[in-house]
Amino acid sequence: MNIFEEYLNIIRNLILKNQKSLKIKNLNEFKGVIVEIPPSEFDYELSCNICLILGKINKINPKQLAKEVKDLIKNHLKEFSKVDVAGPGFLNLKLSNKSLIQNINNILENKSTYGKKKSNNKYNIEFVSANPTGPMHVGHCRGAIYGDVLANLLRFNGNQVTKEYYINDYGTQIVNFVKSVFLRIREIKFNEKFVVNKDLYPGDYIISIGQKIISLNKAQKFENFENSFEFLKKEALKHSMELIKSDLRKLGIVHDKFFSESELVRNKKVDKAIDQLKDSNYVLNGYLQPPKGEKNKNWKKIERLIFKSTLFGDDTDRAIQKDDGSWTYFANDIAYHMDKVERKYNYLVNVLGADHTGYIKRIEAAVSALSQNKVKLNCKVCQLVKLYKNGEPFKMSKRAGDFISADDLLKEVSKDALRFMMLNRSNDVELDFDFNKVLEKNKENPVFYVQYSFARISSILRTLNKSLEEKIVIDPSQFETNDFEIRIIKKVFEWPKIIETSSTKYEPHRIPYYLYELATLFHSYWSKGNEDKKYRIIENGKIKNTGTLATIILTSIVLQRGMSILGVSLPDKM
RNA sequence: GCGCCCUUAGCUCAGUUGGAUAGAGCAUCGGUUUUCUAAACCGAGGGUCGUAGGUUCGAAUCCUUCAGGGCGCGCCA
């Protein structure tokens, strides 16, 4: 249920019926016509721009048209108690008491689905996919939380969503990683000094992985690297993925599927995918131009297999074979995405870090090529997280081994605070994450502020000896509302719109912003009671009237829906 | 050189399928507590929406120019 669509339909039908007398011909399917909430200084619940749009198309003065439509509404629609023309031709509409109550009752009866934008598609969201060479760091957290909340949001709307993690367990970085583990094991067992160089991973977690492997495999000798490699690779990856999964669990994230890159290679999926592209002439033998950026010493002009990604909007064609004829990372990724296409998703989403922006066009091109343009891959980029503490920026370079891990972060900051803060910004702007701020328990920390509003509501309900689970139906004869309540109810009516925009644009950050605004309205109402007794929610241990009760229940419903999509807890006492 | 993202109040940011007087938080200044949780609230000041053009009844939002900042530009993963 969405009251905006509901009333838009009613107005639309009225205008269609009276098309002739209004002298409207070109209706253009009412494109761009919406019903929304007017700016707060207006005492109306709804506002419609239909006359602005139709006026423009039909070359009628929008204000004039609005006057005529206003009369029509007054004479024919009993849903509204007041209609007025405002500004350049907006129609402002006040709901009749009956309609208002009806809408409120609708929400009360459908608590758990309030705001749901019904949809039944199959989504695959690939996110995190951090290299299995070490634990997650702060940068990964942002993408992880973004992807997870996107999944929650799409599931809330009724979609089937697979949360997927691509394990890059193939290639030279894995060799280097395994070598690092091997050398650490040698260090532990044989006292050979671990000499850091730029290809090795220096972090302490390598030592713990080494220790685990030693204690679980007493018989192993670890004599030389080549002979131990296959065994060690398997073991080391198992432990490092365990680290990552444990970090994810601490963030409240559980993936549905882990997809291994080396499996792809072993199952010859890559050959299959490339053959398919060869058949459509998207892959051919050829030469590439030298790269345009910084000079690359290793670049060689050699004939090799090339994917014609320029046919799908990429800037240049891309190599899928290395000098020695083996597949590039991209070739493997093509195969991976062929697999996703074969699994028949309606929508594919990849959540990437800012440093992978340059990769987007080619992989989207690959999906278009593989699916004959039937499946659209949407890559969403999360910009950098800049970590601050005591005014000092924290460095996060994995190479140097001094990165801030997700685990370290979570030792200081709660999962709730981290999730909320990471979402409290549009994904395509950089995010300053301030430790100190997140630890505060006041208005400056939005997660506490929102949680606190719910705690206050719960406190009211405790006083009243009522529970949120109780069925509440409004008795129209006792229904009264004050300014503060109407403001909150209007905000609550806005919720479905927030869900719609967040999910269609993949912009979950709108939810925390909205919840903060709702919490503000509630705190404001609450405090008004301290100043002026007639605004007290409770009088002599009893709720003032059903309008008041409805207001706080509605607020709590939306807070609960919102926070559960964000994956942030909502304690009833603080 | 090229691609993507960003530029809105002193600071950090919302707001862009064109709409009403551009909004929050922080900071600054001034107020509120015999109470349902002051972990809160109220008020004030603060703006050429980076620049210059264009499109139109109307632009922070769309188009073009320029400037500034970030990320990336392997046949690494």
Side-chain angles (χ1 to χ4, degrees), chain A residues 31-32 34 38-42 47 49 52-53 55-56 61-63 86-90 92 131 133 168-174 261 288 290-294 296-302 304 306 314-316 318-324 326 328-330 332-333 353-361 381 383-384 386 424-432 434 437 440-446 448-449 451-453 455-464 504-505 509-510 512-514 516-517 520 522-531 533 536-539 541 543 552 573-574:
Chain A
K31 197 168 173 244
I34 53 166
S40 54
E41 61 269 25
F42 294 97
S47 156
N49 65 349
L52 291 166
I53 305 257
K56 182 176 189 166
N61 182 330
K63 268 192 157 170
F90 285 101
N92 283 333
N131 283 331
T133 50
N168 300 130
D169 53 1
Y170 187 83
T172 48
Q173 60 167 4
I174 294 299
E261 182 181 0
L288 286 175
K292 292 272 161 51
E294 270 178 53
N296 187 328
K297 288 170 245 157
N298 300 328
W299 188 83
K300 287 175 198 154
K301 185 162 184 170
I302 291 177
R304 69 183 78 240
I306 285 167
D314 198 1
D315 310 314
T316 169
R318 304 291 173 175
I320 53 179
Q321 260 182 329
K322 301 188 203 169
D323 293 345
D324 63 2
S326 64
T328 59
Y329 172 82
F330 179 48
N332 294 350
D333 215 12
D355 51 343
H356 291 88
T357 338
Y359 192 71
I360 295 177
K361 282 187 183 173
V381 170
Q383 291 296 327
L384 295 179
K386 287 197 267 180
N424 201 26
R425 197 109 309 174
S426 155
N427 59 289
D428 46 30
V429 306
E430 286 186 7
L431 184 146
D432 292 343
D434 195 322
K437 203 168 177 173
E440 279 174 28
K441 296 187 173 184
N442 57 36
K443 196 177 177 176
E444 222 184 309
N445 182 357
F448 277 98
Y449 186 75
Q451 286 175 323
Y452 187 45
S453 66
R456 280 181 153 174
I457 290 177
S458 306
S459 152
I460 293 172
L461 294 173
R462 273 193 300 273
T463 310
L464 293 173
T504 56
K505 299 176 94 170
H509 72 275
R510 290 164 189 273
Y513 273 97
Y514 168 86
Y516 189 89
E517 287 165 9
T520 302
F522 178 77
H523 285 307
S524 173
Y525 180 25
W526 175 286
S527 304
K528 185 71 181 173
N530 292 337
E531 187 185 308
K533 276 204 175 140
R536 297 280 302 244
I537 294 167
I538 292 176
E539 268 171 350
I543 194 88
I552 65 166
K573 247 182 211 172
M574 289 180 77

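Per chain, numbering begins at 1; letters A, B, ... match sequence-line order.
Picking from B:G25, B:A77, B:A40 the nucleotide with the shortest atom distance to the side chain of A:Tyr449 gives B:A40. Residue A:Lys443 places its side chain closer to B:C41 than to any other of B:C41, B:C71, B:A20. Closest to the side chain of A:Pro88, out of B:A77, B:G19, B:C5, is B:G19.
In this structure, A:Leu384 places its CG atom 17 Å from P of B:G69, rounding to the nearest Å. When the P atom of B:U17 is taken as reference, atom NZ of A:Lys31 falls 12 Å away, rounded to whole Å. In this structure, CD of A:Gln451 is placed 15 Å from P of B:A39, rounded to the nearest angstrom. In this structure, A:Trp299 places its CH2 atom 13 Å from P of B:C76, rounding to the nearest Å. Residue A:Phe330 contributes atom CZ, which lies 13 Å from atom P of B:A77 at whole-angstrom precision.
Mapping A:Tyr170 and A:Pro39 onto RNA chain B by nearest heavy atom places A:Pro39 closer to the 5' end of the strand. Annotation: of the two residues near RNA chain B, A:Ile34 and A:Asn442, the 5′-most nearest-nucleotide partner is A:Ile34.
Nearest heavy-atom pair, A:Ile460 versus A:Phe522, reported as atom, atom and distance to 0.1 Å: CD1-CZ, 4.1 Å.
Between atom OH of residue A:Tyr513 and atom CZ of residue A:Arg425 there is a gap of 4.0 Å, rounded to the nearest 0.5 Å.
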Quick one: which protein N/O atoms are closer than 3.5 Å to N/O atoms of nucleotides 9-16 of chain B? Pair and distance per line, please.
unit_1 : atom_1 : unit_2   : atom_2 : d
B:U12  : O2'    : A:Arg425 : NH1    : 3.0
B:C13  : O5'    : A:Arg425 : NH1    : 3.4
B:C13  : O2'    : A:Arg425 : NH2    : 3.2
B:C13  : O2'    : A:Tyr513 : OH     : 2.5
B:A14  : OP1    : A:Ser426 : N      : 3.1
B:G15  : OP1    : A:His509 : NE2    : 2.9
B:U16  : OP2    : A:Arg510 : NH2    : 3.2

Under 3.5 Å between N/O atoms: give me all the protein pairs with nucleotides 58-61 of chain B, atom names plus distance.
unit_1 : atom_1 : unit_2  : atom_2 : d
B:G58  : O6     : A:Lys56 : NZ     : 2.4

Pairs under 3.5 angstrom, nitrogen or oxygen only, protein versus nucleotides 32-36 of chain B, please.
unit_1 : atom_1 : unit_2   : atom_2 : d
B:U35  : O2     : A:Asn530 : OD1    : 3.0
B:C36  : O2'    : A:Ser459 : OG     : 3.1
B:C36  : O2     : A:Ile538 : N      : 3.1
B:C36  : N3     : A:Ile537 : N      : 3.4
B:C36  : N4     : A:Trp526 : O      : 2.8

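Comparing the C1' positions of B:U55 and B:G74 gives an interatomic distance of 43 Å, to the nearest angstrom. Look at the P atom in both B:C76 and B:C71: the space between them is 24 Å, to the nearest Å. Here the separation of B:C63 from B:G50, taken at their P atoms, is 15 Å to the nearest Å. Straight-line distance between the P atoms of B:G25 and B:G19: roughly 24 Å, to the nearest whole Å. As rounded to the nearest Å, B:U12 and B:A59 have P atoms that lie 28 Å from one another. Between B:G23 and B:G45, the two P atoms lie 14 Å apart (nearest whole Å). Nucleotides B:A20 and B:G72, compared at atom P, are 39 Å apart to the nearest Å. If you take atom P in B:A44 and the same atom in B:C26, they sit 16 Å apart, rounded to whole Å.
For A:Asp169 against B:A77, no side-chain N or O and base N or O form a donor-acceptor pair under 3.5 Å.
At the heavy-atom level, A:Ile320 lies nowhere under 4.0 Å from the strands shown. Base engagement by A:Phe42 is indicated by at least one non-hydrogen atom pair under 4.0 Å involving a base atom. Note on A:Ala319: only backbone sugar-phosphate atoms sit closer than 4.0 angstrom, heavy atoms only; bases stay farther off. Nucleic acid contact for A:Lys441: base, since at least one base atom lies under 4.0 Å from a heavy atom of the residue. Residue-level contact check: A:Glu440 touches neither bases nor backbone, having no heavy atom under 4.0 Å from any strand. If you check every strand for non-hydrogen atoms under 4.0 Å, A:Ala86 touches a base. Contact annotation for A:Tyr359: base contact, defined as any heavy-atom pair under 4.0 Å involving a base atom.
For NZ of A:Lys63, the number of neighbouring non-hydrogen atoms (other residues, nucleotides, ligands) closer than 6.0 Å is 12 at most.
Residue side chain A:Phe90 meets the stacking definition with respect to B:A20: its ring centre sits within less than 5.5 angstrom of the base's six-membered ring centre, and the planes differ by less than 30 degrees.
Annotated stems with RNA chain B as a participant read B:1-7 with B:67-73, B:10-13 with B:23-26, B:28-32 with B:40-44, B:52-54 with B:62-64, given as range with range, by first number; only runs of 3 or more Watson-Crick or G-U pairs under 3.5 Å qualify.
Taking A:Tyr170 as the reference, A:Glu261, A:Ser262, A:Val265, A:Asn332 meet the side chain to side chain contact (heavy atoms under 4.5 Å, CB included) condition, with sequence neighbours excluded. Applying the side-chain hydrogen bond (donor to acceptor under 3.5 Å, both in side chains) criterion to A:Lys361, with sequence neighbours excluded, gives A:Asp315.
Formation of a donor-acceptor pair under 3.5 Å by the A:Asn427 side chain with backbone atoms of A:Val381 is found in this model.
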